[in-house]
Structure formats: C-alpha cells, structure tokens
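Written below as structure tokens is the structure these notes are about.
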Protein chains: 2
Amino acid sequence: MELHLQIKMNGRLFLKDPQLTVLGQQILQSGVLLIHEIGFEQFTFKKLAETAGTTEAGVYRYFENKHRLLLYLVSWYWNWLDYQISYCINNISQPELKIRRIIRLLALPVKDDQSTSYINESVLHEIVVEQGTKAYLTKQVTEDNQHQFFKPYKDLCSRIGGILLEYNTELKFPRSLSSSLIEIAHLQKYFKYNLPSLTDFGTTDNDTGIVDFLEEVVFSSLIKKPAKP
Amino acid sequence: MELHLQIKMNGRLFLKDPQLTVLGQQILQSGVLLIHEIGFEQFTFKKLAETAGTTEAGVYRYFENKHRLLLYLVSWYWNWLDYQISYCINNISQPELKIRRIIRLLALPVKDDQSTSYINESVLHEIVVEQGTKAYLTKQVTEDNQHQFFKPYKDLCSRIGGILLEYNTELKFPRSLSSSLIEIAHLQKYFKYNLPSLTDFGTTDNDTGIVDFLEEVVFSSLIKKPAKP
DNA sequence: CAAGCATGATAGTATTACTACTCCAAATCA
DNA sequence: TGATTTGGAGTAGTAATACTATCATGCTTG
C-alpha cells in the first residue's frame, strides 16, 4: 500500500499550490536540495529555475519571493514533525517516555519519509537546523505572524508544552521550556558540526551526546520543587 | 575622569580600523542604528553611506562586505559583554550569585555605556538578540571560524562555563549549557516581544519573567545528581 | 471546436554588491 | 622650498539580483 501524506499548508504562503502540479513538486524538491547545498543567502530563484528545469518566471508563479518559499518549507517541516511526534507517542501513557521520544525526534538524524515523494525530509531537517530561525528573525515577523505563518511552529510548541505539563502539572514555564527545547536541540546540533568548542560533544559520530544533554536539562527543569517557605 | 574603552578587534574583520578615524566611528555608529532600524536583510552599504555622510566606496574601504560588518559588531558586543561580566562579578566569591548576575546581564535591557561614544550598546544588544545568530548561520562558518571570528563568543562561553563548573564541579555539559543559556536568553527575549505565544511571559513590561525562567532552567541543571546505581 | 489554464520564452527595470579609476590635500623628504 | 609620495574621498561602471510584464503555445475540459 502506498500512503500519500498531503500536508495542508497556509494558502497565503504560495501563489499557486506547488503540491498540485508536477512542476510545483519539482520546485519544492529542487528548492530543498539547492538551499541545503548553497545556503539561503546564495540561493536565488534563477538558480532554482535551472535545477528545477523551468524559468525564473516559472518559479515566481508559485512563490512570491524566496522568503515565502523558506516559510513554506519550514512550515511544512513543523507540520510534518508534529505529525511524526503524534504518531510516535501514540498509545504511550507515561509522559517521561513521550518526552524521551520527542527529544530523539528533535535531535537525531531524520530518516527520509517515503510517503512524500517530492520532499526529502532528512535534507529538510538539516535546512531547518541551519536556516530555520531565519524564517522569523526578520523585520516582517509581525506581519508574517498576522498571516499565521508560524502556526505550525506554535502548534508543535504547544503540543510539547502540554506533554511537559503532563509530567509536572505545576510547571511554571511550559511554553518557554518547549520552545527552548526545540531551538536548543537544533542549535547544539549545528554547533556540534560547525563550532564544536561551544559544546561538550566532541567529534563523536552519533548525536547521542546531544540527547543526553537535552534530557539532562529538560528533566532537571521538570522535577517538582518544594514550595518556597 | 573619562574612560576610553578601546576594544581590541580581530584585524581581519576590517580593511581599515574603524576605531581609529572619525569616519570609521561614524560608520560604526550609523551602522548599529541602521541595522537596528531596517534589519540586516534590507541593510545596504549605500544606505549606510548616506546616513554616515559618506559614499558607498567610503564604507567599502573599511569593511569588505556587510557580513563582515555584522561579524565586527557582534564580536564587539561579545567582547564588551565579556568585559561587563568580568567587571560585574569581580570580588564575588559565591558562584550562585555570579550566575544570577550573568543571567541578568544576558536577559535584562542594557544601559548604554558612556565610555564608548561611537557604539550605542543598548541598541547593539537588540541587534545581537535579533540578528546575532546570522553571524554564524551561514555556509562560510567554517572559513570564518578559521579566521577566529567567533573567538569572543567562544571566550564568553568558556568563561560562563567555568563559572557553572564552580557551582557544580561534576557538571557534565558546561559548554553546552553555557551556549544554550546565552542563546535561550536572547531567543526568549525575541519571542516575548515578537511571537509571545511561544513563551509564558505574556505582555509584562519588564523582563523579570525571562530571568526567572533562565534561573529555573540553569539551577535545576546544576543540582548535583546522585550517581546512577 | 472554443475557452481557459499551465507553462515557456523573452525582455525589461530598479536595486544590490561590488571594482576600478581619478582627484585632491596633507605629510614627507631632498 | 619644491617634488613626491600617500591616503582619504568621490565618480563611474559592471555583473548579478529580484522582480514584473508580455506573448506564444499546447493541452485539457466543457
């Protein structure tokens, strides 16, 4: 059986839905690979058009500009990850185990999901690690936020926050801890491979050190503290 | 008495030392204000030249490109903050108090330091919060790292890591905790003002909520754990 | 068959990111 | 003092970027 996961995207992110046409899917696929290869700064629609086998104008028919395309891809990722998490913790009752699984999904390398042919999830994961924050670190955050472009990220954050609260119902900062967990997972991963002296993971091949660190920080913060006298 | 703090910068960050000439200082001053005002993406040397009262070529004589200027300003900030921290925890012996002070320096608004006339530190602090990560989230990280452009950040991180170790000598991840602390402080601040639903601070005027959160996370992680059986 | 839509091809503009060259005035030296 | 070097500042030009607009074509759907 072949399962086709169609992720519902905010309609304002694109001019024409890229999921519905062959060219659109080609643009998404090439876009992911090209941004990963040359970085978002060097990435242009002209270069994308070449690798996607179309013209510059062809790409502009789907996306208003490259920032919207980034927002699209990052949103797509958060939606996908949210789904992965809900799938992965399904039927688990212990909050502790849920949190451990989430941390692994955030920090460990992603296996490509065959159910969406046109998006390479493992490459997209690396893009989000490397460039994800650029989606909101702009002067148009407020405007983009009003267009609900960050809803998938907020939903994910809210889901994880809820699970943290299951573990400790008295937790004072569930959302901040949740957004911090997500960002730190990515940042430590980036540091490990690019600026290793900012971490304690050295040059080990696997990312279990990051998992250990995140578990340490998160579970410490989740311990119930005695009320102050 | 007037104290002139001259911060020693990596010579490869600039073509001509901007601290040594009036125009150079003007470029730094206008640069900080302009990047803060319009954001790094919209920022160009042409616009900077106008506000700094020179020509585009004039700016290019000091900095190779705008990324180098950002690296310069961010480095300047980390150097300055490192100095502030060492000054502020001077003569304090309790590690706990040191850490509390550091957290406040990281999260609370910065008062402009009068000892450097040409850099507005409180504005620069906001730039680092908003755009700081763009200094290293590029495809040239490795190259920039080889040029030692991130040394001030690493030094700061290492200093804070050392203090965390003073508090708990068995701490397993001092550098990761340190870099996480710095980045989370900035990110939560950014979220609070731009994407508040990713935090638990609401719309309070002051940033003490962020301080509380950071103290919670850091001191929890610093508690000595009993050895596993 | 006609209408309509998706794509492709071409061209054009304003801005960006630089580079190269020129000019001028102050400092240096014979 | 006069000649010369040197550095700071301006002008102009180029290639690339980020779009926008127009028109032709071919394929589908009613």
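These values consider heavy atoms only, across backbone and side chains, with no hydrogens, waters or symmetry-generated copies. Proteins come first, then strands; the chains are lettered A, B, ... in the order of their sequence lines, and each starts at number 1.
Looking only at distances, a side-chain donor or acceptor of B/Asp200 sits under 3.5 Å from a matching main-chain atom of A/Arg175. For the pair B/Asn194 (side chain) and B/Tyr190 (backbone), a donor-acceptor distance under 3.5 Å is present. Here the side chain of A/Gln19 pairs no donor or acceptor atom with the backbone of A/Gln25 at under 3.5 angstrom.
Side-chain N/O atoms of B/Ser122 and B/Asn120 include a donor and acceptor closer than 3.5 Å. Inspection of the B/Ser179 and B/Tyr153 side chains reveals no N or O donor paired with an N or O acceptor under 3.5 Å. A donor and an acceptor atom, one from each side chain of A/Gln188 and B/Ser180, are located under 3.5 Å apart. Side-chain atoms of A/Lys151 and A/Gln148 form no donor-acceptor pair, as typed in the model, at a separation below 3.5 Å.
The CZ-C1' distance, from A/Phe45 to C/dT16, rounds to 17 Å in whole Å. Whole-Å rounding puts the B/Leu69 CG to C/dC18 C1' distance at 16 Å. As a whole-Å value, the separation of A/Phe63 CZ from D/dT17 C1' is 19 Å. Taking atom NZ of B/Lys46 as the reference point, atom C1' of D/dA12 lies 12 Å away to the nearest angstrom. Between the OH atom of A/Tyr62 and the P atom of C/dC5 there is a distance of 14 Å, given to the nearest Å. Atom CD of A/Gln42 is separated from atom C1' of C/dT16 by 13 Å (rounded to the nearest Å). In this structure, B/Glu41 places its CD atom 17 Å from P of D/dT17, rounding to the nearest Å. Rounded to whole Å, the distance from CD1 on A/Ile27 to C1' on C/dG8 is 13 Å.
The aromatic ring centres of B/Phe173 and A/Phe213 sit less than 6.0 Å apart.
At a threshold of 4.0 angstrom between heavy atoms, the contacts of B/Thr21 with the nucleic acid are absent.
Look at B/Thr54 and you'll find a side-chain N or O under 4.0 angstrom from OP1 or OP2 of D/dG10. Between A/Lys47 and the phosphate of D/dA16, there is no side-chain N or O to OP1/OP2 separation shorter than 4.0 Å.
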Taking only N/O atoms, report every protein-nucleotides 19-26 of chain D pair under 3.5 Å with atom names and distance.
from, atom 1, to, atom 2, distance (Å)
D/dC19, O5', A/Tyr60, OH, 3.0
D/dC19, N4, A/Glu56, OE1, 3.2

Report, one pair per line, the protein and nucleotides 5-7 of chain D atoms (nitrogen or oxygen only) whose separation is under 3.5 Å.
none

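Side-chain proximity of A/Thr55 to C/dA17, C/dA9, D/dT17: nearest is C/dA9.
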Let me check something: any side-chain donor-acceptor pairs from residues 30-40 of chain A under 3.5 Å, sequence neighbours excluded? List them with distances.
from, atom 1, to, atom 2, distance (Å)
A/Ser30, OG, A/Gln26, O, 3.0
A/Ser30, OG, A/Gln26, NE2, 3.0
A/His36, NE2, A/Glu126, OE1, 2.7

